[in-house]
Amino acid sequence: MKKRIIILGGVVIAVILAWSVAWYVLSGIVQQQILAQAEADGITSPRLTCGTLSVGGFPFRFDADCEQAHIVTGDLELDVPGIRASIRVYAPTHLLASAKGPLQLVDSFIGTRNAVAWSTLEASIRLQDWRIARASVSGKDLVWSDTLLGDTTIATAPLVEAHLFDIPERHDPERRLAALAGYVLAKDLAYPALTLSQTNAEVQLELGGLPDDVRNWGAPDMLAQMQAAGSTLDIVGIHGTDADSVLDATGSLSLDAQAQLEGQITITSTGVAERIGPLLEEPWRTLVLGAPGADGSYANQLNFRNGGLYSGLVPIAMIGPLF
């Protein structure tokens, strides 16, 4: 009996030692993969550098902490005080992330400098067979400011959420295509420039014809593949309200044989035209929102066809091929 206990104890110790070695090897690989992002060109792939990078969480997690993160993508540069990404050993396809604020954003092309602060900013991505099962981002007590000259508040919101859900019944394993449903929620949004306060907005979208393997996202021919697969973006509903205004929109967009947008978006509103008057002058306001009805409400349909954007039958702008 004593001998069996000794053997069992030896096996347990051997397993612990083996896993400890494996964890430290894997943590080193994770750290090297993150450090490799500093070599990206910042154009085709974002470049990430960390003032301090560490990987902890032994024994059951891998917690990567990037302090003083600097991200470059195109003309945009972002500075974030801290980003943490975590994967649990027993749930390797589920990534949890969080960030410290405020984020500093500089757009060198148009010369703007903004800041976004929050009390909590968290994200979660769960994969199933390399297909997104669910992805979520949630921010609380957000404050968006213009910091180019001083510090001017642009907008605030106590809660903003964005979610992506897989649509299992639209998965086509033979063609390797998937579909996602998107949902965005903003509560009690305040935007002083438009005199918006206590504004609530919900956006529901569905996108089909996506590659079902996220490792193929970002490929140079991704849009061409989606066009060939008959991909569509369905605007299930956009609904925004405040004390004096209501806006609703629905529609569907796709790519035609020339890779140009095709489809329509129907917009109905009350009180919005008067609200955005300073930002969208005539005739553009009527071309987008339509003419007022007898009850003061507005309705219009925006059509995309043959490389153009039309308000009903009236051309507004030309839109080139997307690839």
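Since this is a predicted model, take the numbers as computed values, not measurements.
- Between Trp23 and Phe62, the distance separating the two ring centers is shorter than 6.0 angstrom.
- Nearest heavy-atom pair across Val55 and Ser27 is CG1-CB, 3.7 Å.
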Exercise. Which is it for Lys140 and Glu122 under the salt bridge (Lys or Arg N to Asp or Glu O under 4.0 Å) test, yes or no, and what are the steps along the way?
Worked result: CA-CA 9 Å; Lys140 295 181 179 179; Glu122 298 176 329; over 6 Å; no

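- Taking a 6.0 Å sphere around CD of Gln198, one finds it holds 12 or fewer heavy atoms contributed by other residues, nucleotides or ligands.
- The 12-atom threshold is exceeded at CH2 of Trp19, counting heavy atoms of other residues, nucleotides or ligands nearer than 6.0 Å.
- In this structure, Ile235 is a member of the same hydrophobic cluster as Val203, with clusters built from ILVMFWY side-chain heavy atoms closer than 4.5 Å.
- Counting only heavy atoms from C-beta outward, the side chains of Leu189 and Thr156 never approach each other to under 4.5 Å.
- Hydrophobic clustering of Ile, Leu, Val, Met, Phe, Trp and Tyr side chains at less than 4.5 Å, counting indirect connections, unites Leu255 with Leu309.
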For this session: Starting from the C-alpha separation in whole Å, work towards a yes-or-no answer on side-chain hydrogen bond (donor to acceptor under 3.5 Å, both in side chains) for Glu282 and Thr286.
Result: CA-CA 6 Å; Glu282 293 291 3; Thr286 296; 2.9 Å; yes

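- For the residue pair Ser136 / His163, a side-chain donor-acceptor distance below 3.5 Å is found, with atom types taken as modelled.
- Salt bridge status for Lys100 with Glu67: present, with a side-chain N to carboxylate O gap under 4.0 Å.
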For this session: Could you give me the CA-CA distance, side-chain angles and deciding distance for Thr120 and Asp141, then say whether side-chain contact (heavy atoms from CB on, under 4.5 Å) is met?
Result: CA-CA 7 Å; Thr120 303; Asp141 304 317; over 6 Å; no

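- Electrostatic pairing of Arg131 and Asp212 does not count as a salt bridge here, judged by no charged N lying under 4.0 Å from a carboxylate O.
- Evaluated for a side-chain contact (heavy atoms from CB on, under 4.5 Å) with Leu76, the options Val106, Ile71, Leu105, Thr112 yield exactly one hit, Leu105.
- Residue Trp130 is grouped with residue Leu210 when hydrophobic side chains (ILVMFWY) are merged at heavy-atom distances under 4.5 angstrom, including chains of intermediate members.
- One N or O on the side chain of Ser231 and one on the backbone of Gly208 form a donor-acceptor pair closer than 3.5 Å.
- Side-chain contact between Leu159 and Asp188 is absent, with no heavy atoms from C-beta onward closer than 4.5 Å.
- Across Ala229 and Gly209, no two heavy atoms sit closer than the pair CB-O, 4.3 Å.
- With hydrogens and angles left out, the side-chain atoms of Ser311 and Asn300 include a donor and acceptor closer than 3.5 Å.
- Checked by atom type and distance alone, the side chain of Trp217 pairs as donor or acceptor with a backbone atom of Pro211 at under 3.5 Å.
- A 4.5 Å side-chain heavy-atom check between His94 and Arg88 finds at least one atom pair inside the cut-off.
- Ser145 places no side-chain N or O within donor-acceptor distance of the main-chain N or O of Thr153, the cut-off being under 3.5 Å.
- Leu48 approaches Cys66 most closely through the heavy-atom pair CD1-SG, 4.2 Å.
- Around CD of Glu169, the count of heavy atoms belonging to other residues, nucleotides or ligands within 6.0 Å exceeds 12.
- Across all non-hydrogen atoms, the minimal contact from Lys187 to Pro158 is O-CD, 3.1 Å.
- At a threshold of 4.5 Å between non-hydrogen side-chain atoms, the residues Ile34 and Gln32 do not count as touching.
- Hydrophobic clustering places Leu233 together with Phe323 (ILVMFWY residues linked when any side-chain heavy atoms are closer than 4.5 Å, directly or through intermediates).
- Using a 3.5 Å distance cut-off with no hydrogens or angles, the side chains of Thr152 and Asp146 do not pair a donor with an acceptor.
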For this session: List the steps and the verdict of side-chain contact (heavy atoms from CB on, under 4.5 Å) for Leu78 and Gln104.
Result: CA-CA 6 Å; Leu78 298 86; Gln104 304 293 332; over 6 Å; no

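- Judged by distance alone, the side chain of Asp213 and the main-chain N or O of Arg215 form a donor-acceptor pair under 3.5 Å.
- Distance check: Cys50 SG to Asp65 CG gives 9.5 Å after rounding to the nearest 0.5 Å.
- Remark: the Asp63 side chain and the Ser86 side chain contain an N/O donor-acceptor pair separated by less than 3.5 Å.
- Looking only at side-chain heavy atoms (C-beta outward), Val160 and Trp118 stay at 4.5 Å or farther from each other.
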For this session: Check step by step if side-chain contact (heavy atoms from CB on, under 4.5 Å) holds for Leu177 and Arg170.
Result: CA-CA 8 Å; Leu177 298 175; Arg170 293 178 61 181; over 6 Å; no

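- Looking only at side-chain heavy atoms (C-beta outward), Leu302 and Ile267 come within less than 4.5 Å of each other.
- Within the 4.5 Å cutoff, the side chain of Asn200 has no heavy atoms near those of the Leu185 side chain.
- A salt bridge is defined here as a Lys NZ or Arg NE, NH1 or NH2 lying under 4.0 Å from an Asp or Glu carboxylate O, and Arg134 with Asp166 fails to meet this definition.
- Although no hydrogens or angles enter the test, the distance criterion places no donor-acceptor pair under 3.5 Å between the side chain of Ser245 and the main chain of Thr241.
- Checking side-chain atoms of Asp256 against main-chain N and O of Gln260 turns up a donor-acceptor pair under 3.5 Å.
- No more than 12 heavy-atom neighbours from other residues, nucleotides or ligands sit within 6.0 angstrom of CZ on Arg113.
- Shortest non-hydrogen contact noted between Gln227 and Ala259 is NE2-N, 3.4 Å.
- Smallest separation of non-hydrogen atoms from Glu161 and Ser138: CG-OG, 3.8 Å.
- Using a 4.5 Å heavy-atom threshold, the side chains of Ile265 and Thr250 count as separate.
- With Thr93 contributing its side chain and Leu127 its backbone, the two residues share a donor-acceptor pair below 3.5 Å.
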For this session: Decide side-chain contact (heavy atoms from CB on, under 4.5 Å) for Tyr298 and Glu274; before the verdict, give the C-alpha distance in whole Å, the side-chain angles of both, and the deciding distance to 0.1 Å.
Result: CA-CA 11 Å; Tyr298 292 71; Glu274 297 80 4; 3.4 Å; yes

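- Judged by distance alone, the side chain of Asp221 and the main-chain N or O of Ala224 form no donor-acceptor pair under 3.5 Å.
- Environment of CG in Leu313: sparse, with no more than 12 heavy atoms of neighbouring residues, nucleotides or ligands closer than 6.0 Å.
- Val21 and Leu26 fall within a single hydrophobic cluster, where Ile, Leu, Val, Met, Phe, Trp and Tyr side chains are chained together by heavy-atom contacts under 4.5 Å.
- Here the two rings, on Phe304 and Tyr310, have centers that are 6.0 Å apart or farther.
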